[in-house]
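What follows is a set of notes on a single structure, which appears directly below.
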Number of protein chains: 2
Amino acid sequence: MRGKADSDLVRRQNRMLVLETLRFHGPSARVDIGRLTGLSPATITTITLQLLQEGAIVERADLAATAGEGRRGRPVVSLGLNAEAAFLIAIKISIGTLEYALADYAGQIRARANVTVPTRRLSAQDFSKRLVFETQKFVRDNVITRNQLAQINVAAQGVTDNVNGAVGWSPAFRVSGVAITGPLADAFGVPCTLANDANMIAEGLIARKAVATHGTTACVFMGYGIGMGLVIDGAVYHGTSGSSGEFGHMNHIPSGALCRCGRRGCLEAYASDYGILRSAENLPDDTPCPTHAVEPEVMIALENAARRGDQNAVAAFKTAGAAIGLGLARMIALLNPDRIVLSGAGTRALDLIEPAIREAIELSVAEPLRQNLVIETLPIDRDMIIDGTIDAALRQMDAGLYATTQAMAAE
Amino acid sequence: MRGKADSDLVRRQNRMLVLETLRFHGPSARVDIGRLTGLSPATITTITLQLLQEGAIVERADLAATAGEGRRGRPVVSLGLNAEAAFLIAIKISIGTLEYALADYAGQIRARANVTVPTRRLSAQDFSKRLVFETQKFVRDNVITRNQLAQINVAAQGVTDNVNGAVGWSPAFRVSGVAITGPLADAFGVPCTLANDANMIAEGLIARKAVATHGTTACVFMGYGIGMGLVIDGAVYHGTSGSSGEFGHMNHIPSGALCRCGRRGCLEAYASDYGILRSAENLPDDTPCPTHAVEPEVMIALENAARRGDQNAVAAFKTAGAAIGLGLARMIALLNPDRIVLSGAGTRALDLIEPAIREAIELSVAEPLRQNLVIETLPIDRDMIIDGTIDAALRQMDAGLYATTQAMAAE
DNA sequence: CAACATTAATTTGGACGCCAAATTTAATTT
DNA sequence: AAATTAAATTTGGCGTCCAAATTAATGTTG
């Protein structure tokens, strides 16, 4: 049970519903919002009037023309999210790089920046300071003056603690416990959130309607690392501290191959780019892991070698597939998902690893658990982490705006 | 987002809140309900008046005396759930046995019955028929006349499909796809629900406040089989088809020991009673699994042998602990729970298996994921499945009653 | 033992939300 | 210009909640 309900809850929920509808379906007429939400025209008038007054949405006269096709009656007035209502910054922390994006309330990216930062050479405190410094620079460079900054969201690889807003362990750092949200919130005075990068991919898929709003979908990311975002009934599951879906560091073989996390036998040590490369080169499985990402060209060359019949390469991809397959089989037994979505650069080699994945699942998952299971590949190869981070931030901003009951009263 | 909100939603949610409060805290005065729910006295008066008129709750004059201790002012009137409001039947299906319980709306068990049925020798259809027959007999034996039967809930081991209300695979049956809820619903005309037995243990723990209403708790059951119920934010997670938490049939070692589910390498093949027994007796790991439960005496003898230093027995329990520990480690990586509760007869041997469990977790779970993790043992050894099934049924009945908006209008 | 104090529960009056139905608005068609 | 059509708004009513006033039931006290 969610707690007591009153008229305030009703208004907030319905305002949120209207905002979500506009975000999901794009600019829409009041009639359409009514049809999509199930709310009466009278209510839509009231709610949209408030949102217009607050500046969250705007009339889109520019879209009126489209309707003119023998359409009689009073023409519709399209309403859309007010792009200028607020701005957000999405930051992606990777090894050696900070990636910035500035987006407006409509979700459009207004500016980007990549900053080289020696993440693995800085202390926790120095990194926090540097992060604030670079963010201030990004804000200055893009003159967010009259436009208000409303939210900063950060995505990082590894184990993130999104309660305390710190990175527990990440390949990007040599140190642990790097504070992220605290310093940013202090410096900018806006809500800041830290999250795992794979979970942000899942957020992006939800926003793009690539994931159903019911049931359980596991969004697996394969590439330099292996990650997973779990979507349960349309919402990303974050776990207790925010680090659910550490699929890559789920144990595959006890005391097995060395992983860059320092442990042995993680799935990632067999199925990530560096794991595949290591086994293709017949290196001992305790060969130290590279601290930098494997160049795509190297992986593409290895894939092509495998396709030409290079036995070492073939075996390496097969090993990777078996690891992922067994990991998925274990996940399926635990969670009984209805859908698995594979994404990331690693899917480029899907032809080489998929048979082993399917074989492992068939071998170790009970038939009733897999008979209705859909496994599919997301063709989108580009980096979806920033996009998903923006989507998550927008959702939080909607939730902030919808709760603006007090602000209305104050005004 | 959950859809549009209106005054109907408000009333339903607050009625449900009042019912849940009474179920959770026992009979309470209106003032106390107000304090616990956050609703105003005026609202409590209105809601309780309706519930009294509908017969869902009753005044408990018998509890008035307890207050008399120098208490001034108008005495409280305790309200409690009306035990006679409705009745439910909980059924537990195990190998060779149907276990029945009749409970009232207050959760008190009014009658029990155990019926021997050759579950593994019947066809799917024959079992369905027999189930209806035995249930009819149970109803007749307990003369549920003026008292109305409102709900039938069934718990079964194995893979349950609670969407279609059929058992996919279970050690209780030789066949698969045994229809449960359909035949019962047809025969009795009341809502019927099928669920996995481990999930019902989790339901029981929630009702007994043994599980927090926030965060993620994994309730592991160890005994003849190995099961798990996942509680996320106070609600049992059932997965897509209702078979989440097949922890026992999560793969432990590929192509490993034979499991009674017919596959190889399941965790259960190493950590369940029969698995432990098999390895203690140094039998080949493809020795066919018994189709009946291992006698508790046999396991107790084995535990004592291990405690006396019998190396085979010690090794067998250690192997079991390692299997459970590694399984938990994998689950932790995926789900980042804040609490793990171990229960079931298997916890009797916890002294023998716990070191191996902890070792496996420490070896293969990243530190940030386990630093705030609590692992505890539930002393309750008795069979909690029937209790949990009753609790789940009561919750469904509350939800049915709270929705009784229409009934009120009709009346 | 009657007036007072205290606490529980109800009643009253008002606010806010939603909706149905009537009305207004802005276009096309005739 | 009048009729038609469809979107959006306004009006009036209903249901929910809450705060404050009132009533109810008991213990305390002079």
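We name chains A, B, ... by the order of the sequence lines, and we start the count at 1 in each one. Please read all numbers here as calculations on a predicted model, not as lab measurements. Side chains are part of it too, since the values below use all heavy atoms of this structure and drop only hydrogens, waters and symmetry mates.
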For A:D6 and D:dA19, give me the distance from atom CG to atom C1', rounded to whole Å. 14 Å

B:E59 CD to C:dT10 P, straight-line distance once rounded to whole Å: 8 Å

Rounded to the Å, how far apart are B:N14 CG and D:dG15 P? 17 Å

I need the CG-C1' distance between B:D8 and D:dC17, as an integer number of Å. 14 Å

Among the nucleotides D:dC18, C:dC19, D:dT26, which one has an atom lying closest to any side-chain atom of B:T43? D:dC18

Judged by each residue's nearest nucleotide on DNA chain D, which is more toward the 5′ side, A:I44 or A:K4? A:I44

The side chain of B:R30 lies closest to which of these nucleotides: C:dA9, D:dC18, D:dA25? C:dA9

Between A:N82 and A:G55, is there a donor-acceptor pair closer than 3.5 Å when you use the side chain of the first and the backbone of the second? yes

Begin with the C-alpha distance, continue with both residues' side-chain angles, and end with the deciding distance and a verdict on side chain to side chain contact (heavy atoms under 4.5 Å, CB included) for A:C192 and A:N153. CA-CA 6 Å; A:C192 297; A:N153 277 38; over 6 Å; no

If you assign A:A42 and A:S7 each to the DNA chain C nucleotide with the nearest heavy atom, which residue ends up on the more 5' nucleotide? A:S7

Please determine if A:R208 forms a cation-pi arrangement with A:F24, meaning its NZ or CZ atom is less than 6.0 Å from the six-membered ring centre and no more than 45° off the ring axis. no

Quick one: which of C:dA9, D:dA8, C:dT29 gets closest to the side chain of A:V76? D:dA8

Any donor-acceptor N/O pair, A:D104 side chain to A:G107 backbone, under 3.5 Å: yes

Measure CG/B:L52 against C1'/C:dA9 and give the value in whole Å, please. 13 Å

On DNA chain C, does the nearest nucleotide to A:R74 precede the nearest nucleotide to B:A5 from the 5' side, or the other way round? Give the residue. B:A5

Quick check on D:dT9: is either OP1 or OP2 less than 4.0 Å from any side-chain nitrogen or oxygen of A:T45? yes

Against the side chain of B:V10, the closest entry in D:dC17, D:dT11, D:dA7 is D:dC17

Ionic contact status for A:E59 with A:R30, cut-off 4.0 Å: yes

Report the nucleotide, chosen from C:dT25, C:dC19, D:dA24, that has the shortest atom-to-atom distance to any side-chain atom of A:S40. C:dC19

Using whole Å, report how far CZ of A:R60 lies from C1' of D:dA7. 19 Å

Spacing of A:L49 atom CG relative to D:dT10 atom P, expressed in whole Å: 8 Å

Taking any strand in view, what nucleotide pairs with C:dT30 in a Watson-Crick or G-U wobble way, both distances under 3.5 Å? D:dA1

Rounded to whole angstrom units, what separation is found between the CG atom of A:L39 and the P atom of D:dA8? 15 Å

Report which part of the nucleic acid A:I33 touches: base, sugar-phosphate, or nothing (heavy-atom distance under 4.0 Å, all strands). nothing

